[in-house]
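A short worksheet on the structure shown next.
Fair warning: this is a prediction, and the values are worked out from it, not measured in the lab. By convention in this document, chain letters (A, B, ...) are assigned in the order of the sequence lines, proteins followed by strands, and residues within each chain are numbered from 1. In what follows, every heavy atom counts, from backbone to side chain, and hydrogens, waters and symmetry copies are set aside.
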Number of protein chains: 2
Amino acid sequence: MAEIDTRQRILDAAESLFTEHGFDATTLRQITGAAEVNLAAVNYHFGSKEELIREVFRRRLTWLNQQRLQELDRLEAEAGGAPLKPSRILEVFFGVALKMAADSKGGGRTFMRLLGRTYTKPSEFVRGFLAEEYAAVLARFKAALIKALPGVPQEEILWRFHFMMGAMSYAMSGTDALHIVAKHALDDGDAEALYARLMSFMLGGLRAPLPMLPAGSAKRPRIKKAA
Amino acid sequence: MAEIDTRQRILDAAESLFTEHGFDATTLRQITGAAEVNLAAVNYHFGSKEELIREVFRRRLTWLNQQRLQELDRLEAEAGGAPLKPSRILEVFFGVALKMAADSKGGGRTFMRLLGRTYTKPSEFVRGFLAEEYAAVLARFKAALIKALPGVPQEEILWRFHFMMGAMSYAMSGTDALHIVAKHALDDGDAEALYARLMSFMLGGLRAPLPMLPAGSAKRPRIKKAA
DNA sequence: GTATGATTCAAACAACTGTTTGAAACAGGT
DNA sequence: ACCTGTTTCAAACAGTTGTTTGAATCATAC
């Protein structure tokens, strides 16, 4: 290699700038400028900006989800067929993410902020990529949760899982657009306290009494395709 | 006016396109094309793209927050000084938003999706604008919640409010990037069921047992500026 | 009708975007 | 030394961006 780690330095700079300004607002010239490499290096090493974006996610997401699967495997092996405690399942799924977010030095924190922000605004081509990357993990965790909560309707479990994703994304995105919590509470990196707070909030939501659904919502009337 | 409602048609088209593709990815030519007005009309009526974005938010947000304040006023008047039930407070704050989101014909639904997506990714200049627009409302609702939950530490209440904002933003953004819930469950507009589900989840989270915070987090050690 | 101010329009502007190019610099093996 | 494949570099490319311009068109009042 002529210069060490050109790829890596591009990825690091891109990750950081994407987190700060978003994909569209970040130009290749900003990235290559911050990484102190030539402009053409991005297209040489990654082919295109889109592929660079995908790679920024891939290099961390693969490891993250493997970790989640591994810990779930361990948990289920220990239980030996018996249903798990819901709290244990969530601790694995969200705990791994928040552990990564606590790593401010290795760039994990930056990445989790980026990931949190991306969930809400999937830029067309990232959506498919994310769904694909998550498919296997989600299938396993959904199944585990459903098995762990036999009395609760599946649809309700999935919705609550959806809400939890929202709460975590927002918390991890690190932006408090409306200034709800104290100013420096977010960026001082006290990830452990955040983890404890978020987890008890989510568990409370998961265990909440089932909602009184408006009539006709529980089972949707099938008007079209009556046959 | 030469053509009726040029301003309005630009705002409608912009709102819809911003929701679909984001601010940066939406060009003025797309907007004016969809609105069937001349390209220069945006700069003539709004001055700049940034100001157009602000106006897209302003025209609905002002009404939304006024509505929230009004309903809180009514609630507090009825209570006559006594602390309110937390659930009532949340029903006002989030209920108004979700009622707006249920209005798919008047564009309220589109706007709330846009708002939900914007919370996580405040594009520099939108952040200040949003915070300013929300300041008065948040102050009132924070105070009401704190008064309604005298036993709970204020910091904890604010964090949980923060998490609720996340859950709602995500739910309202209408994107399920990871395909957690069933495909068509999001866009069929069954806002009432969503409201019921989300509200019981959030209330469960609010009432959850307080987290065990790691040592040294409850009261931050003051190292700098010891004097 | 004519004058006036507001609005619309087609065309152009300069600046910036991601990408490509071809030559230069580098590394390692023979 | 030479050759070979990889990587870097400055420069240019074609396309798109938000914005501006000056003339044309409209509505309204006199």
Partners of [X] by side chain to side chain donor-acceptor pair (under 3.5 Å), sequence neighbours excluded?
X: B:Y195; value: none
X: A:S173; value: A:T175
X: A:R160; value: B:S200

* A:F163: what forms a ring pair (Phe, Tyr, Trp, His ring centres under 6.0 Å) with it, not counting sequence neighbours? ->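 For A:F163 the ring pair (Phe, Tyr, Trp, His ring centres under 6.0 Å) partners, ignoring immediate neighbours, are A:W159, B:F201.
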* **ring pair (Phe, Tyr, Trp, His ring centres under 6.0 Å) partners for B:F141, two or more places apart** =>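 Expected list: B:F93.
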Checking [X] now: which residues fulfil salt bridge (Lys or Arg N to Asp or Glu O under 4.0 Å) with it, not counting sequence neighbours?
X: B:R29; result: none
X: B:E133; result: none
X: B:E50; result: B:R54

* **Sub-4.0 Å heavy-atom contacts from residues 27-35 of chain A onto DNA chain C, ordered by number** =>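 Going residue by residue through residues 27-35 of chain A, the ones with a heavy atom under 4.0 Å of DNA chain C turn out to be A:T27, A:L28, A:R29.
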* Asked: When the C1' atoms of the five terminal pairs at each end define the local axes, what inter-axis angle does the helix from C:dG1-D:dC30 to C:dT30-D:dA1 show, to 10 degrees?
  ->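 The end axes of the helix from C:dG1-D:dC30 to C:dT30-D:dA1 are about 10° apart, to the nearest 10°.
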Polar pairs (N or O, both sides) under 3.5 Å between protein and nucleotides 20-25 of chain C?
none

* Sequence neighbours left out, what pairs pass side-chain hydrogen bond (donor to acceptor under 3.5 Å, both in side chains) with at least one residue falling in residues 137-146 of chain B? =>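 Listed by first then second residue: B:D73-B:R140, B:E76-B:R140.
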* C:dT8 phosphate, OP1 or OP2: any side-chain N/O from B:T6 under 4.0 angstrom? ->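 Looking at the OP1 and OP2 atoms of C:dT8, one of them is under 4.0 Å from a side-chain N or O of B:T6.
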* Considering just the side-chain nitrogens and oxygens of A:H45, establish if one lies under 4.0 Å of OP1 or OP2 belonging to D:dT8. =>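 So the side chain of A:H45 is within the cut-off, an N or O lying under 4.0 Å from OP1 or OP2 of D:dT8.
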